[in-house]
Amino acid sequence: MKIDLCPNCGSDHYIKSGIVNDRQRYKCKKCSYFFSVNKIGKKIDDYYVNKSLQLYLEGLTYREIERILGVSHVSIMNWVKKYNIKRPYNSNYHPTYKILNATELGNYFQKTENIKGAGVVVTELGDKFMLIKWERFKD
């Protein structure tokens with residue numbers, strides 16, 4: 001990572017001054033301040049965290065959410081543990097989902113047999129929409 005300025009005085013005159021905890025350390029020539037580079041980690045946008053948790057609560061598996069959003073299933077498991085998300089268990093229903101664009105979604109809702117006898121949730125996924133439908137298991 002490239003350093004532009006001293007975080008203490010804003011000077012661009014600094015020299016390398018050793019390594020501490022596997023991180024390069026620098027010393028400002030102007031104010032003699034020692035500093036090191038902060039690691040900028042890979043952070044996933046909160047939008048994907050929220051969307052992942054919503055889909056988890058809707059009944060989708062970790063792997064299904066991974067395929068839809070492109071976020072690791074392990075990350076999703078960690079978020080579920082971190083935020084202590086509990087999914088209600090009901091064996092009488094199971095979710096099915098479809099990803100549609102705006103015109104396909106309009107055509108889907110025009111047919112009454114598509115929405116009869118089941119709960120439906122529509123959520124936005126970028127430029128497409130995800131339709132989640134709960135259907136009862138046939139006994």
Side-chain angles (χ1 to χ4, degrees):
M1 180 176 169
K2 186 173 183 288
I3 301 245
D4 292 326
L5 302 172
C6 168
N8 190 40
C9 69
S11 171
D12 62 347
H13 300 293
Y14 52 85
I15 57 172
K16 289 184 177 181
S17 182
I19 295 176
V20 176
N21 293 331
D22 297 325
R23 290 171 42 191
Q24 180 66 56
R25 191 152 169 87
Y26 297 93
K27 179 182 179 184
C28 178
K29 287 184 172 181
K30 191 171 183 183
C31 67
S32 298
Y33 181 73
F34 289 93
F35 59 96
S36 58
V37 180
N38 290 331
K39 180 182 170 199
I40 297 178
K42 185 177 174 186
K43 184 173 183 331
I44 297 175
D45 190 8
D46 289 339
Y47 170 81
Y48 291 104
V49 176
N50 289 334
K51 206 48 96 170
S52 298
L53 294 176
Q54 285 175 351
L55 296 175
Y56 174 75
L57 284 172
E58 300 300 339
L60 275 69
T61 65
Y62 297 126
R63 300 263 179 177
E64 288 173 327
I65 299 168
E66 177 182 35
R67 284 186 217 107
I68 293 167
L69 297 179
V71 176
S72 167
H73 66 278
V74 176
S75 295
I76 299 166
M77 276 189 273
N78 290 336
W79 296 331
V80 168
K81 288 178 190 173
K82 178 181 178 181
Y83 297 112
N84 199 21
I85 304 295
K86 302 285 186 221
R87 181 165 44 188
Y89 182 75
N90 188 347
S91 61
N92 295 333
Y93 294 91
H94 70 283
T96 57
Y97 62 91
K98 295 180 182 184
I99 297 180
L100 308 168
N101 64 27
T103 55
E104 292 170 337
L105 187 66
N107 293 339
Y108 184 86
F109 279 116
Q110 286 179 348
K111 298 176 184 170
T112 57
E113 66 270 6
N114 287 336
I115 56 176
K116 205 178 244 186
V120 177
V121 169
V122 178
T123 184
E124 171 261 335
L125 285 174
D127 61 342
K128 300 200 184 250
F129 297 92
M130 181 169 166
L131 183 125
I132 304 170
K133 181 178 177 182
W134 291 271
E135 298 174 316
R136 288 181 186 227
F137 285 116
K138 305 292 183 196
D139 291 333

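For the residue pair Glu113 and Lys133, the shortest heavy atom distance occurs at O-NZ, 4.4 Å. In terms of heavy-atom proximity, Leu125 sits nearest to Tyr47 at CA-OH, 4.0 Å. Smallest separation of non-hydrogen atoms from Cys6 and Cys9: SG-N, 3.5 Å.
Ile19 and Ile15 are not part of a single hydrophobic cluster, where members link through side-chain heavy atoms under 4.5 Å apart. Residues Ile76 and Leu57 are members of one and the same hydrophobic cluster, defined by side-chain heavy-atom contacts under 4.5 angstrom among Ile, Leu, Val, Met, Phe, Trp and Tyr.
Using modelled atom types, no side-chain atom of Tyr48 and backbone atom of Leu69 make a donor-acceptor pair closer than 3.5 Å. A distance-only check finds a donor-acceptor pair linking the side chain of Glu124 to the backbone of Gly126 [under 3.5 Å]. Of the possible donor and acceptor atoms, one in the side chain of Gln24 sits under 3.5 Å from a partner among the backbone N and O of Gly18.
A distance of 10.5 Å separates OH of Tyr56 from CE of Met77, quoted to the nearest 0.5 Å. With values rounded to the nearest 0.5 angstrom, Asn8 atom CG is found 10.0 Å from Ser32 atom OG. Rounding to the nearest 0.5 Å gives a distance of 11.0 Å between CG of Asp46 and OG of Ser52. We find the CG-CG distance between Leu105 and Leu131 to be 6.5 Å, quoted to the nearest 0.5 Å. With rounding to the nearest 0.5 Å, the separation of OH in Tyr62 from CZ in Arg67 is 14.5 Å. Rounding to the nearest 0.5 angstrom, the gap separating the CG atom in Asn114 from the NZ atom in Lys98 is 6.0 Å.
For Ser72, the side chain to side chain donor-acceptor pair (under 3.5 Å) test picks out no residue, with sequence neighbours left out. Listed by chain and residue number, Thr61 satisfy the side chain to side chain donor-acceptor pair (under 3.5 Å) test with Glu64 (two or more places apart in sequence, or in another chain). In this view, Gln110 satisfies the side chain to side chain donor-acceptor pair (under 3.5 Å) rule with no residue, not counting sequence neighbours.
The residue from Ile44, Val74, Asn50 that alone fulfils the side-chain contact (heavy atoms from CB on, under 4.5 Å) condition with Trp79 is Ile44.
Ring geometry for Phe35 against Tyr14 counts as perpendicular: the plane angle is over 60°, on a 0 to 90° scale with 30° as the lower cut.
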message: Could you go through Ser11 and Lys29, starting from their C-alpha distance and side-chain angles, then the distance that decides it, and tell me whether this counts as side chain to side chain donor-acceptor pair (under 3.5 Å)?
response: CA-CA 8 Å; Ser11 171; Lys29 287 184 172 181; over 6 Å; no
message: Pair Val20, Phe34 - check side chain to side chain contact (heavy atoms under 4.5 Å, CB included), show working.
response: CA-CA 11 Å; Val20 176; Phe34 289 93; over 6 Å; no
field: Full working for side chain to side chain contact (heavy atoms under 4.5 Å, CB included) between Leu60 and Met130
entry: CA-CA 12 Å; Leu60 275 69; Met130 181 169 166; 3.3 Å; yes
- request: Please step through side chain to side chain contact (heavy atoms under 4.5 Å, CB included) for the pair Asp127 and Asn101, ending with a clear verdict.
  value: CA-CA 7 Å; Asp127 61 342; Asn101 64 27; over 6 Å; no
- request: Show your working on side chain to side chain contact (heavy atoms under 4.5 Å, CB included) between Val49 and Val71 and close with a plain yes or no.
  value: CA-CA 9 Å; Val49 176; Val71 176; over 6 Å; no
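Contact annotation: the side chain of Tyr97 never approaches that of Leu55 to less than 4.5 Å [non-hydrogen atoms, C-beta and beyond].
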